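Notes to accompany the following structure.
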Amino acid sequence: MPELPEVETTRRGLAPALEGRVLTRVVVRERRLRWRLPAGFEAALAGCRVREVRRRAKYLLIATDRGTLIVHLGMSGSLRIVDPALAPQPHDHVDLLLDSGRAVRFNDPRRFGCLIFVAGDPLAHPLLRTLGPEPLSSEFDADYLYRRTRRRRVAIKQLVMNAAIVVGVGNIYASEALFRAGLRPQRAAGRLTRAEVVRLVAAIRRVLGAAIKVGGTTLRDYVNADGLPGYFRQKLFVYERAGEPCRVCQTPIRQRVQGQRSTYWCPTCQR
DNA sequence: ATGGGCACCTGGCTGC
DNA sequence: TGCAGCCAGGTGCCCA
């Protein structure tokens, strides 16, 4: 579910409730997440004081004085600040109780998400070590992407969704960025011109930035740390709009499956 | 190295 | 009404 804007929105909601707080107790109701929670998970976290809540790609990094809790929301996960007295709902798998009297509650129906507690540098963890640059950092520029696209036959949409190239761009924002750049998703990455790559980099940054500003995109179940949806859905040009008129030229939006994911584009605006 | 496909899960919707 | 089939915001891993 959540792509970079949704994870960043969650981070911003969690940070004020978590930073400086002690995790007094950890309650696990379901250990079978993407990776099974180890036996010592609760004990390792209990008593930790949260230093800060960071983000790398779609991972949330809850840094404490004794280690870092790495959280990924998978397709259907959310983290909410709740009153721990509130009765747990289905798929409320983990609670982190805070010394403020509140709790962070992890809910994930599909259980593609994960929670991993690491003692050392979280960025050195195998899951994070091989990630490409952040799309909103200066490292991700046209020079970089142009270089990484050369001699690549994959479709540009799949390349842009590859976390080794650039992180945080999932199925919604890949389609949306390509629309804004005027590029067909099925174009071979290696055949983009330099000018096209310049447009694409700008479009990725713009669309992610705009989505963060309005709290991300809620299609079905995404909610932020306060349980509220994001409002970027209203700004989508192509995603989940197959057959509907293009907002720019009225041509019906097309859809096809590309690398097992639905792709949407306007055959007139995108070349 | 690159690319393609499957797997992991639950729930909601569609159409018979 | 019931149920099979399909689809969904991600990504690790295996194979050619």
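These values consider heavy atoms only, across backbone and side chains, with no hydrogens, waters or symmetry-generated copies. Reminder, nothing fancy here: chain letters follow the sequence lines and each chain counts from 1. Computed from a predicted structure; not experimentally measured.
With sequence neighbours excluded, the residues satisfying salt bridge (Lys or Arg N to Asp or Glu O under 4.0 Å) with Arg56(A) are Glu134(A). With sequence neighbours left out, the side chain to side chain contact (heavy atoms under 4.5 Å, CB included) criterion links Arg51(A) to Asp65(A). Taking the side chain to side chain contact (heavy atoms under 4.5 Å, CB included) definition, one finds that Val28(A) meets it with Val26(A), Arg31(A), Leu37(A), Phe41(A), Glu42(A), Val94(A), sequence neighbours left out. For Tyr59(A), the ring pair (Phe, Tyr, Trp, His ring centres under 6.0 Å) partners are His72(A), not counting sequence neighbours.
For the contact set between residues 162-171 of chain A and DNA chain C, defined by any heavy atom under 4.0 Å, the members are Gly170(A), Asn171(A). Of all the residues in residues 211-219 of chain A, Thr217(A), Leu219(A) reach under 4.0 Å from DNA chain C with at least one non-hydrogen atom.
In this structure, Trp265(A) stands alone, with no Ile, Leu, Val, Met, Phe, Trp or Tyr side-chain heavy atom under 4.5 Å from its own, directly or through other members.
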Given protein heavy atoms under 4.0 Å, the one-letter contact record of nucleotides 1-11 of chain B, with B base, S sugar-phosphate only and - none, is simply -SS-BB-BBBS
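Two residues, Tyr59(A) and Tyr264(A), neighbour DNA chain C, and the one matched to the more 5' nucleotide by heavy-atom proximity is Tyr264(A).
Under the salt bridge (Lys or Arg N to Asp or Glu O under 4.0 Å) criterion, the residue pairs touching residues 241-250 of chain A are Arg241(A)-Glu244(A), with sequence neighbours excluded.
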Please output the side-chain donor-acceptor pairs of residues 156-166 of chain A that fall under 3.5 Å, not counting sequence neighbours, one pair per line with the distance.
{"from": "Lys157(A)", "atom 1": "NZ", "to": "Asn171(A)", "atom 2": "OD1", "distance (Å)": "2.5"}
{"from": "Lys157(A)", "atom 1": "NZ", "to": "Ser262(A)", "atom 2": "O", "distance (Å)": "3.3"}
{"from": "Lys157(A)", "atom 1": "NZ", "to": "Thr263(A)", "atom 2": "OG1", "distance (Å)": "2.9"}
{"from": "Asn162(A)", "atom 1": "OD1", "to": "Ala164(A)", "atom 2": "N", "distance (Å)": "2.9"}

Can you give the donor-acceptor pairs under 3.5 Å from side chains of residues 199-206 of chain A to other protein atoms, not counting sequence neighbours?
{"from": "Arg199(A)", "atom 1": "NE", "to": "Ala181(A)", "atom 2": "O", "distance (Å)": "2.8"}
{"from": "Arg199(A)", "atom 1": "NH2", "to": "Ala181(A)", "atom 2": "O", "distance (Å)": "3.0"}
{"from": "Arg205(A)", "atom 1": "NH1", "to": "Ser137(A)", "atom 2": "O", "distance (Å)": "3.3"}
{"from": "Arg205(A)", "atom 1": "NH1", "to": "Phe140(A)", "atom 2": "O", "distance (Å)": "2.6"}
{"from": "Arg205(A)", "atom 1": "NH2", "to": "Ser137(A)", "atom 2": "O", "distance (Å)": "3.4"}

How does DNA chain B look in dot-bracket notation if pairs are Watson-Crick or G-U with both distances under 3.5 Å, crossing ones as [ ], other-strand ones as |?
-> .|||||||.|||||||
